[in-house]
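So the structure is just underneath, and the comments pick up after that.
Every heavy atom of this structure was used, including side-chain atoms; hydrogens, water molecules and symmetry mates were not. Quantities reported herein were computed from a predicted structural model and do not represent experimental measurements.
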Amino acid sequence: MTSKTTNHEDGRESRISAQRKREICMAAKQVFLEKGYNHTTMEDVIAAVAMSKGGVYYYYKSTSEILRDLCMKYGMENQYKTSQKIIEDCAGLSPEDLAVELTVYKIFGGDDYKRVFRMFCEASTSDPDLAKLLSEIEEESYPAFLQYCDDFNFPQLKCFGTEDFMRFIHLMCVGLNHFPYGDYFMHESDFFRDFFRFYIRKQLGQEEEPQP
């Protein structure tokens, strides 16, 4: 077997593996949304995906492994796509205002990935293993977030890549599970827009002088 043939087969196996993982994660996402993360078992995921039990366990040994990929891999892919759309839709905004809109969506947006992450944040408050996983995802997300800022050329957003702000996001995620105010702050109120704008300016040393 030639090296070229081996590389071709390796590439094909890699594509199949990636596709299988995506199928499992997308099926699990729907089960998480329907049943809640804490009430979802691997048997539930297996029942939801067109794959054998052995096939699913070959790629994922637990729902927490699936959750990690949903948050870090597919959630980040979705964040990139959504950000690109927001940038296109808000082409006339200043870089600061665009950074604010991206941050508002990151916290209050209602897509399925954000709903799963909010569910995860709340479950972590009573499950030490999930709290540990959340902490690990936090650590992994910092460099990913900074790369995201560079990819979209938004240095203004880097000030949000801190431990304090990450904890603020988690706090808001748990709150949004109980109080349906996401759409309100997305579309009807500028309260958090003003807050984020002030925070950006403060971190960049551009606070406005108080009016006499």
Side-chain angles (χ1 to χ4, degrees), residues 18 20-51 53 55-83 102-148 160-186 192 195-196:
R20 294 289 184 269
K21 284 188 171 184
R22 179 177 289 276
E23 290 173 4
I24 294 168
C25 285
M26 295 306 104
K29 173 163 66 71
Q30 292 308 121
V31 181
F32 291 159
L33 291 171
E34 292 169 7
K35 300 188 64 173
Y37 175 78
N38 277 342
H39 300 292
T40 298
T41 66
M42 285 297 288
E43 294 299 324
D44 294 324
V45 175
I46 292 166
V49 66
M51 201 177 300
K53 182 175 182 177
V56 173
Y57 273 101
Y58 177 79
Y59 295 106
Y60 293 106
K61 301 297 188 290
S62 66
T63 55
S64 62
E65 289 184 5
I66 296 173
L67 185 64
R68 179 190 289 274
D69 269 2
L70 271 176
C71 291
M72 290 303 300
K73 184 175 183 180
Y74 303 112
M76 185 59 71
E77 285 180 5
N78 182 69
Q79 182 73 20
Y80 269 70
K81 292 177 183 177
T82 304
S83 296
L102 289 168
T103 306
V104 166
Y105 184 82
K106 180 177 178 61
I107 296 176
F108 298 108
D111 65 59
D112 286 349
Y113 292 97
K114 288 179 171 39
R115 291 171 59 201
V116 168
F117 186 69
R118 289 167 191 159
M119 190 183 300
F120 172 34
C121 286
E122 178 161 16
S124 72
T125 63
S126 58
D127 186 323
D129 291 335
L130 288 183
K132 180 180 178 182
L133 176 59
L134 182 60
S135 179
E136 292 172 358
I137 288 176
E138 274 185 18
E139 292 182 12
E140 293 175 21
S141 70
Y142 291 134
F145 177 73
L146 294 179
Q147 185 62 53
Y148 164 87
F160 293 118
T162 65
E163 184 177 358
D164 283 348
F165 199 79
M166 187 66 70
R167 289 177 176 176
F168 170 74
I169 290 177
H170 295 164
L171 177 66
M172 296 301 298
C173 284
V174 173
L176 287 168
N177 271 343
H178 297 278
F179 301 100
Y181 296 148
D183 284 346
Y184 174 75
F185 286 116
M186 278 279 292
F192 278 102
F195 171 77
F196 297 143

Find the distance between CZ (Arg20) and OH (Tyr59) and round it off to the nearest 0.5 Å. 6.0 Å
Rounded to the nearest 0.5 Å, what separation is found between the SG atom of Cys25 and the CD1 atom of Ile66? 6.0 Å
Audit row: Leu130, Asn38, side-chain contact (heavy atoms from CB on, under 4.5 Å) steps and yes/no: CA-CA 10 Å; Leu130 288 183; Asn38 277 342; 3.8 Å; yes
Step-by-step side-chain hydrogen bond (donor to acceptor under 3.5 Å, both in side chains) determination, Gln79 to Lys114: CA-CA 10 Å; Gln79 182 73 20; Lys114 288 179 171 39; 3.0 Å; yes
Distance in Å, His178 NE2 paired with Leu176 CG, rounded so as to fall on 0.5 Å steps: 10.0 Å
With ring-ring contact (aromatic ring centres under 6.0 Å, His included) as the test, would you mind laying out the steps for Phe117 and His170 before giving the verdict? CA-CA 9 Å; Phe117 186 69; His170 295 164; 5.7 Å; yes
From CA spacing to verdict: side-chain contact (heavy atoms from CB on, under 4.5 Å), Phe120, Leu70: CA-CA 11 Å; Phe120 172 34; Leu70 271 176; over 6 Å; no
Is the shortest distance from a Lys or Arg side-chain nitrogen in Lys29 or Glu34 to a carboxylate oxygen in the other one below 4.0 Å? no
Set out, in order, the CA-CA distance, both residues' side-chain angles and the distance that settles salt bridge (charged side-chain N to carboxylate O under 4.0 Å, His left out) for Glu140 and Lys73, then state yes or no. CA-CA 11 Å; Glu140 293 175 21; Lys73 184 175 183 180; over 6 Å; no
Checking Arg118 against Val174 for the side-chain contact (heavy atoms from CB on, under 4.5 Å) test, could you report, in this order, the C-alpha distance in whole Å, the side-chain angles of both residues, the deciding distance, and whether it holds? CA-CA 6 Å; Arg118 289 167 191 159; Val174 173; over 6 Å; no
More than 12 heavy atoms of other groups within 6.0 Å of Lys81 NZ: no
Under a 3.5 Å distance rule, please check whether Asp44 uses its side chain to pair with a backbone N or O of Thr41 as donor and acceptor. yes
Validation row: Tyr37, Glu122 side chains within 4.5 angstrom (heavy atoms): no
Whether Gln147 side chain and Pro143 backbone form a donor-acceptor pair below 3.5 Å: no
Taking Arg167 first and then Glu138, would you say they form a salt bridge - that is, a charged N and a carboxylate O separated by under 4.0 Å? no
Expected output: side-chain Ser124 to main-chain Cys121 donor-acceptor under 3.5 Å: yes
Checking the side chain of Thr82 only, and the main-chain atoms of Asn78 only, is there a donor and an acceptor separated by less than 3.5 Å? yes
Is there side-chain contact between Lys53 and Met42, with at least one heavy-atom pair below 4.5 Å? no
Aromatic rings Phe108 and Phe192: how do their planes relate, parallel, tilted or perpendicular, breaks at 30° and 60°? tilted
Report yes or no: does Tyr148 contribute a side-chain atom to a donor-acceptor pair with the main-chain N or O of Met76 at less than 3.5 Å? no
Between the SG atom in Cys71 and the CD1 atom in Ile137, the distance rounded to the nearest 0.5 Å is 4.5 Å
Could you tell me how the ring of Phe165 sits relative to the ring of Phe168: parallel (under 30°), tilted (30 to 60°) or perpendicular (over 60°)? tilted
For Lys132, does the NZ atom sit with more than 12 other heavy atoms under 6.0 Å from it, leaving out its own atoms? no
In Å and rounded to the nearest 0.5 Å, what is the CZ to CE distance from Phe32 to Met119? 8.5 Å
Heavy-atom side-chain proximity of Ile24 to Ile46 below 4.5 angstrom: no
ring-ring contact (aromatic ring centres under 6.0 Å, His included) for Phe145 and Tyr142? Distances and angles first, verdict last. CA-CA 5 Å; Phe145 177 73; Tyr142 291 134; 8.6 Å; no
Audit row: Phe185, Val104, side-chain contact (heavy atoms from CB on, under 4.5 Å) steps and yes/no: CA-CA 8 Å; Phe185 286 116; Val104 166; 5.9 Å; no
If we only count heavy atoms from C-beta on, is the Phe160 to Met166 side-chain gap below 4.5 Å? no
Are the side chains of Leu67 and Val116 in contact, using a 4.5 Å heavy-atom criterion? yes
Which value, rounded to the nearest 0.5 Å, describes the distance between Leu134 atom CG and Arg68 atom CZ? 10.5 Å
